[in-house]
Peer 1: 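I am attaching a structure below and will ask some questions about it afterwards.
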Amino acid sequence: MAEETIFSKIIRREIPADIIYQDDLVTAFRDISPQAPSHILIVPNVLIPTVNDVTAENELALGRLFTVAAKIAKDEGIAEDGYRLIMNCNRHSGQEVFHIHMHLVGGRPLGPLLAK
Ligand code: 5GP
């Protein structure tokens with residue numbers, strides 16, 4: 001069994017977070033340390049530690065991440081200018097929370113994709 005992270009507590013509303021969307025499959029909340037004017041984390045409600053742990057059973061929830069990202073980008077007013085969706089996996093990416101999450105980042109020009 002994978003160990004729960006703080007994100008499970010946020011999903012169950014046991015600890016505070018600025019939740020902006022939730023349904024039966026995914027939850028979206030503002031990142032506690034925003035890197036841009038809009039920085040939102042969209043997470044599956046079920047615990048999947050890393051992208052390496054994804055199975056076919058997760059496809060519905062993971063597809064929902066994208067439809068919710070598109071809705072939130074519109075709601076935030078950043079859809080036309082554009083934004084970046086990021087999902088880190090393990091050490092080399094800098095993943096810190098082992099409950100997969102899509103970062104939706106936008107509201108300013110974001111520069112090159114990768115730091116040198
Ligand atoms: P990672 O590096 O794992 O891709 O990103 C984890 C993200 O979760 C970071 O951007 C970090 O600021 C955010 N984060 C970590 N703990 C919390 C928390 O308790 N609440 C919220 N809203 N965001 C968190």
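Order of listing sets the numbers, starting from 1, for every ligand and every atom in it.
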Peer 1: Distance check, rounded to the nearest 0.5 Å: R84 atom CZ versus L110 atom CG?
Peer 2: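 Separation between the atoms: 5.0 Å.
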Peer 1: Exactly which residues line ligand 1, taking a heavy atom under 4.0 Å from it as the test?
Peer 2: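 Correct list: I6, F7, I10, F29, R30, D31, I32, S33, L41, N88, G94, Q95, E96, V97, H101, H103.
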Peer 1: Could you pull out all residues at least two apart from H39 that satisfy ring-ring contact (aromatic ring centres under 6.0 Å, His included)?
Peer 2: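 Counting only residues at least two positions away or on another chain, H39 forms a ring-ring contact (aromatic ring centres under 6.0 Å, His included) with H103.
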Peer 1: What do the steps show when you test E76 against R30 for salt bridge (Lys or Arg N to Asp or Glu O under 4.0 Å), and what is the final call?
Peer 2: CA-CA 12 Å; E76 292 280 302; R30 293 192 190 278; 2.7 Å; yes
Peer 1: Under a 4.0 Å threshold between the charged nitrogen and the carboxylate oxygen, would E4 count as salt-bridged to R12?
Peer 2: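 So R12 pairs with E4 through a salt bridge.
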Peer 1: Identify whether the distance between the nearest side-chain nitrogen and carboxylate oxygen of K74 and E80 falls below 4.0 Å.
Peer 2: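 Looking at K74 and E80, the cut-off is not met.
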Peer 1: For the atom pair NE2 (H101) and CZ (F7), what is the distance rounded to the nearest 0.5 Å?
Peer 2: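 One finds 5.0 Å between NE2 of H101 and CZ of F7.
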